[in-house]
Amino acid sequence: MANDAMKAWSKKLRQIYGVYTGVFVLFVIALWIGESLGLSQKYIGYAFLFGTIGVYAAIGVLSRTSVVAEYYVAGRKVPAVFNGMATASDWMSAASFIGMAGALYLQGYDGLAFIMGWTGGYVLLAVLVAPYLRKFGQFTIPDFLEERYGGKLPRMIGILSALIVSFAYLVAQVTGVGIITSRFVGIPFEAGVFLGLAGILVCSFLGGMRAVTWTQVAQYIILIVAYMIPVIAISYKHTGVPIPQVMYGQALQVIESKQKTLINDVKEIEVRQEWKKKADELNGRIKGLPDTWQQGKAQLEEKIKSIPSGDPEKAKIEKALKDYPKTPEEAKEKWTAAMKEAQAMSKPPKSYVAPPADTKGIINFLALTFCLMVGTAGLPHVLMRFYTTPTVREARSSAAWALFFIFLLYFTAPAYAAFARSEVLTNIVGQAFTALPAWVSKWAAVGLISIKDMNGDGIIQFSEIIIKADAVVLATPEIAGLPYVVAGLIAAGGLAAALSTADGLLITMSNAISHDLYYKIINPNISPSTRVKIGKALLLVVAAIGAYVASFKLAIIVELVAWAFSLAAATFFPALVLGIWDKRMNKAGAVSGMIVGLIITAYYIIGSRFYGVDWFGIKTIAAGIFGLPANIIVALIVSRLTAAPTKELQEFVDNIRYPKGAVRGGVEE
Amino acid sequence: MITKQTIEAYWRENKVVMSLIMLIWFVVSYFAAIFASSLNSIIIFGFPMGYYMGAQGSIATFVILNYLYSMKMNELDKKYGLEEE
C-alpha cells in the first residue's frame with residue numbers, strides 16, 4: 001500500500017477503535033447505573049457475556065472474506081500499533097489475565113519467572129526473528145522451514161511441532177472459557193464452552209486471519225480496561241493514590257514486617273503443627289495403600305448404615321463417599337497432593353521478596369525463565385502475527401508495540417498480588433471466625449478460598465488460610481468494595497483473553513493442516529477458493545476436538561501448556577534463528593537438531609514427571625533447558641559435516657536479511 | 001543495485017546492535033536474578049530492588065530495548081539505502 005493510503009487507513013482504524021472504546025465505557029457505566037437502580041447480578045452477567053461475544057461475532061461478519069491473502073495474513077495491511085494490540089491479546093491467555101497475579105501472590109519472588117519469561121521472549125522475537133520472517137513474507141512457519149532448508153521433511157517436522165504445541169494450549173483456553181462463563185453467568189460448563197466457541201468460530205470461520213486480527217484488537221481493549229479498574233481502586237483505598245504500579249511498594253513493606261512477626265507467633269506454630277500431623281497421617285495412609293483405601297471406604301459405608309435417614313449427618317457422609325477415590329491409584333494421586341499441601345502449610349511463611357535461598361532453587365528459577373523466554377519466541381501462533389504487517393519496518397515496530405501492550409498488564413500484576421496479600425495479612429489474620437469479611441465467604445463457597453479453624457481457638461491464623469491462584473484477581477473487586485459491575489467486567493476481560501488466544505491457536509492449527517499439509521504436500525493443484533474452504537472446514541473440526549477434550553476437565557492440561565513452551569523452545573526457535581543468522585546452516589543440520597531437541601525435551605518431560613528421571617535437579621517445567629542447547633549443538637555440528645547449502649539458498653538468506661526489494665520464492669497471491 | 005559489500009557491512013552493524021541488545025537483556029534478567037538477594041538490601045519507595053528488578057525493572061527495560069532496536073534499525077536501513085520503497 002502506498003504511504004498516504006496507509007496513513008488514511010491507520011487514521012480510520014484509530015477512529016473506529018476510539019469510538020468502540022467510548023461505547024464500551026458507556027456500556028459499563030450504563031450497567032453500573034442499572035445496578036444502582038436494582039438490576040440483578042444475573043442480568044449484568046448476561047449483558048457482559050452476550051454483549052461482548054456479540055461484538056466479536058459482529059466484527060467477524062463485517063470482515064468476512066474468502067481471498068487467500070486476506071484469509072491467511074489479513075491482507076498484510078495491519079499497522080504496527082494494531083498488530084501490537086492483536087499480538088498482545090493473542091498472546092495473553094486466561095492464565096495471564098486471571099492466574100498470573102495469583103501465582104505471584106502464592107510464590108512471591110519465584111513467580112517472577114513468569115513475568116520476566118513471558119516478556120523477555122519478545123526481545124528475542126523482535127531482534128532475532130520477526131523482521132526477517134516478515135521479509136520472507138509467506139503464510140506460515142512451516143513455509144519458512146521448507147523454503148530455507150529445502151524439501152518436505154523440514155515442513156513436516158514444523159507441522160507436527162505446531163500441532164503438538166498449539167493443541168494443549170487450545171484445550172486450556174477452551175476450558176478457561178467454560179469456567180469463566182459458568183462461574184459468572186451460572187450456565188453449565190459445557191454450555192459455556194459451546195457459547196464461547198460459537199463466538200470464536202463465527203469470527204475465524206467467516207474472516208480467517210483478517211477477522212481474528214480485528215477481533216483481537218477489540219478484545220485487547222476490553223481486557224486491559226477490565227484489568228486496570230479494580231487494582232486502581234484498591235490502590236486508592238490502601239494508599240490514597242490511584243497508581244497501583246508505583247504504590248504497591250508500601251504493601252510489600254507491610255507484607256514483610258507482618259510475615260516476620262508470624263514466624264514465632266505461638267498460635268501460628270500451633271496451627272503449623274496441626275498441618276504437620278495431617279501430613280504425617282496422610283503419608284501413613286499413602287504408604288499403607290491399597291489396604292488403607294479399602295479400610296477408608298469400608299468405614300464410610302459402615303457409618304452410612306448406622307445413621308438413620310433424615311439425619312443431616314447422612315447427607316454429609318454420602319457426599320464424602322461420592323468424593324472418595326474410586327481406585328487405589330486415584331487415592332494415591334489425591335492423597336499425595338493433599339500431603340504436599342499440608343507439608344507446605346506446616347512451614348513458616350518465607351520472605352515474599354527474597355529469591356530462592358539454595359542453589360538448586362536459583363538454577364531452576366533461571367532455567368524456567370529462560371525456557372519461557374525462548375518458548376515465547378518460538379510459539380507458532382505468535383510468530384504468525386508478524387506476517388500480517390505491511391512492511392519489515394512495521395514488523396519491527398509492531399514487536400515493540402506488542403511488548404508495550406503486554407507490559408501494561410504484566411507491570412500491574414505484581415501490584416494485584418501485593419495488595420491482596422497485605423489485605424489478607426492485615427484484615428483477615430487475627431480476626432474471629434465469626435467476623436469473616438463477605439468476600440471471603442463468597443469465594444470460599446466456590447472453593448477458591450478455604451479457611452478452617454485448625455487449632456480451634458476461634459481466631460484466624462495465617463496458616464489456616466489456603467487461597468487458590470485464581471482468587472486473587474477475581475476477589476479484588478470485592479476486597480476494594482466495588483460494585484458487582486466490576487466483577488462482571490473482570491469476567492468479560494478474562495473471557496476476552498481466553499477467546500483471543502483460542503482464536504489465534506485455532507487458525508494456526510487449521511492453517512498447518514490445510515495450507516502446510518494438504519495444499520503444499522498432498523494436493524498442490526487445488527484452487528485458492530478450495531484452499532480457503534478446506535481451511536474453514538478444518539477450523540470446525542479442530543474446535544470440536546478441542547471442546548471434546550476440554551469437556552473431560554483433565555488436571556494435566558495446565559501442565560501441558562507449560563510443557564508447550566519447552567517444546568517450542570527446543571524445536572522451532574533454533575531452526576528459525578539459525579536459518580536467519582547462520583548462512584552455513586543446512587537441511588541435515590536443522591532437521592537433526594529439531595529431532596534431537598524434540599526427543600530430549602519430550603524424554604525429560606515424561607521421564608521427570610512420571611518416572612523419577614532427574615538431571616541436575618531441574619524440574620519438569622524447565623525441560624527445554626536440555627533440548628534447546630542439544631538442538632543448537634547438533635545442528636551446528638551436523639551442518640558443518642555435510643555439504644553447504646546451495647548458492648541460491650545462500651542468496652535467499654542474504655535476501656531476507658535486509659528490508660529492500662522482494663524475496664526470491666516469496667510469491668504474493 | 002545492492003552490492004555484496006553493502007549487505008555485508010549492513011549485516012555487520014546489525015550484529016553489533018543485536019549483541020548489545022542481547023547483552024543488556026541478559027544482564028537485566030539473569031544477572032539481576034542471580035544477585036537479587038544483595039539487591040534486596042537497597043529499598044526505594046518501599047521496593048526492595050532485587051524484587052523490583054524481576055517484577056518491573058527488567059520488563060520496562062525490555063520495552064525500551066525493543067523500541068531502541070526498532071529506531072536503530074530504521075536508521076541503518078536508511079544509511080545503507082536498504083529501506084523499503
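Just so you know, these numbers use all the heavy atoms, side chains as well, and skip hydrogens, waters and symmetry mates. Residue numbers begin at 1 in each chain, while the letters A, B, ... track the order of the sequences. This one's a predicted model, so the numbers in the text were calculated from it and none came from an experiment.
- The shortest side-chain heavy-atom distance between B:Ser29 and A:Met373 falls under the 4.5 Å cut-off.
- For a residue to count as touching a neighbouring chain, one of its non-hydrogen atoms must lie under 4.5 Å from one of that chain's; by this rule A:Val246 touches chain B with the backbone only.
- Judged by distance alone, with hydrogens and angles left aside, the side-chain atoms of B:Trp25 form a donor-acceptor pair with the main-chain N or O of A:Gly120 at under 3.5 Å.
- Considering only heavy atoms from C-beta on, B:Phe45 stays 4.5 Å or farther from A:Met247 through its side chain.
- Distance alone, capped at 3.5 Å, is enough to place a donor-acceptor pair between the B:Glu84 side chain and the A:Val392 backbone.
- With a threshold of 4.5 angstrom between heavy atoms, B:Ile64 does not approach chain A through any atom at all.
- For a residue to count as touching a neighbouring chain, one of its non-hydrogen atoms must lie under 4.5 Å from one of that chain's; by this rule B:Glu83 touches chain A with the backbone only.
- From B:Tyr30, atom OH reaches atom CZ of A:Phe365 across 9.5 Å, with rounding to the nearest 0.5 Å.
- When ring centroids are compared, A:Tyr352 and B:Tyr51 come within the 6.0 Å threshold.
- Heavy-atom pairs under 4.5 Å with chain B were tallied for A:Leu104, A:Leu124, A:Leu128; the largest tally goes to A:Leu124.
- When all heavy atoms of B:Ala55 and A:Ile115 are compared, the pair lying nearest together is O-CG2, 3.7 Å.
- In this structure, A:Met116 and B:Ser58 approach most closely via the heavy-atom pair CG-OG, 3.3 Å.
- Using a 4.5 Å cut-off between heavy atoms, A:Ile362 touches chain B through its side chain atoms alone.
- For A:Pro131, the part sitting under 4.5 Å from any heavy atom of chain B is the side chain, from C-beta outward, and nothing else.
- Ranked by heavy-atom pairs under 4.5 Å with chain B, the first of A:Tyr109, A:Phe411, A:Phe407 is A:Phe411.
- Interface residue A:Gln245: backbone and side-chain heavy atoms are both found under 4.5 Å from chain B.
- Closest heavy-atom contact between A:Gln253 and B:Gly46: NE2-O, 2.7 Å.
- The contact between B:Tyr52 and chain A is made entirely by side chain atoms (from C-beta outward), counting heavy-atom distances below 4.5 Å.
- No part of B:Met71 comes within reach of chain A, as not one of its non-hydrogen atoms sits under 4.5 angstrom from that chain.
- Side-chain contact between A:Tyr410 and B:Phe62 is absent, with no heavy-atom pair separated by less than 4.5 Å.
- Summarising the local packing, CZ of A:Arg393 is surrounded by 12 or fewer heavy atoms from other residues, nucleotides or ligands at distances under 6.0 Å.
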Any chance you could lay out the side-chain contact (heavy atoms from CB on, under 4.5 Å) test for A:Tyr658 and B:Ile2, step after step, and finish with the verdict?
CA-CA 10 Å; A:Tyr658 56 87; B:Ile2 304 163; 3.6 Å; yes

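- The distance from the CG atom of A:Leu403 to the CD1 atom of B:Ile59 is 8.0 Å, given to the nearest 0.5 Å.
- From A:Thr412, atom OG1 reaches atom CD of B:Gln56 across 8.0 Å, with rounding to the nearest 0.5 Å.
- In B:Tyr67, the OH atom is not crowded: 12 or fewer heavy atoms of neighbouring residues, nucleotides or ligands sit closer than 6.0 Å.
- Of the listed residues (A:Val254, A:Thr369, A:Val353), the greatest number of heavy-atom pairs within a distance under 4.5 Å of chain B belongs to A:Val353.
- In this structure, a donor-acceptor pair under 3.5 Å is present between the side chains of B:Asn74 and A:Arg396.
- Of the atoms belonging to A:Ile406, not a single heavy atom falls under 4.5 Å from chain B.
- Closest non-hydrogen pair, A:Ala126 versus B:Tyr69, comes out as O-CE2, 3.3 Å.
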Start with the C-alpha distance between A:Lys660 and B:Asp77, add both sets of side-chain angles, then the distance that settles side-chain contact (heavy atoms from CB on, under 4.5 Å), and finish with yes or no.
CA-CA 8 Å; A:Lys660 190 174 181 154; B:Asp77 291 350; over 6 Å; no

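- Taking every heavy atom of both residues into account, B:Ser37 and A:Pro355 meet most closely at N-CG, 3.5 Å.
- For A:Tyr248 and B:Phe47, the ring centers are positioned less than 6.0 Å apart.
- A salt bridge links B:Lys4 with A:Asp654; the closest basic N to acidic carboxylate O contact falls under 4.0 Å.
- Between B:Asn14 and A:Tyr132 the shortest heavy-atom distance is ND2-OH, 2.8 Å.
- Around atom CH2 of A:Trp401, no more than 12 heavy atoms belonging to other residues, nucleotides or ligands sit under 6.0 Å away.
- Only the side chain of B:Tyr10 comes within contact range of chain A, with at least one heavy atom under 4.5 Å from a heavy atom of that chain.
- Judged by distance alone, the side chain of B:Asn66 and the main-chain N or O of A:Tyr122 form a donor-acceptor pair under 3.5 Å.
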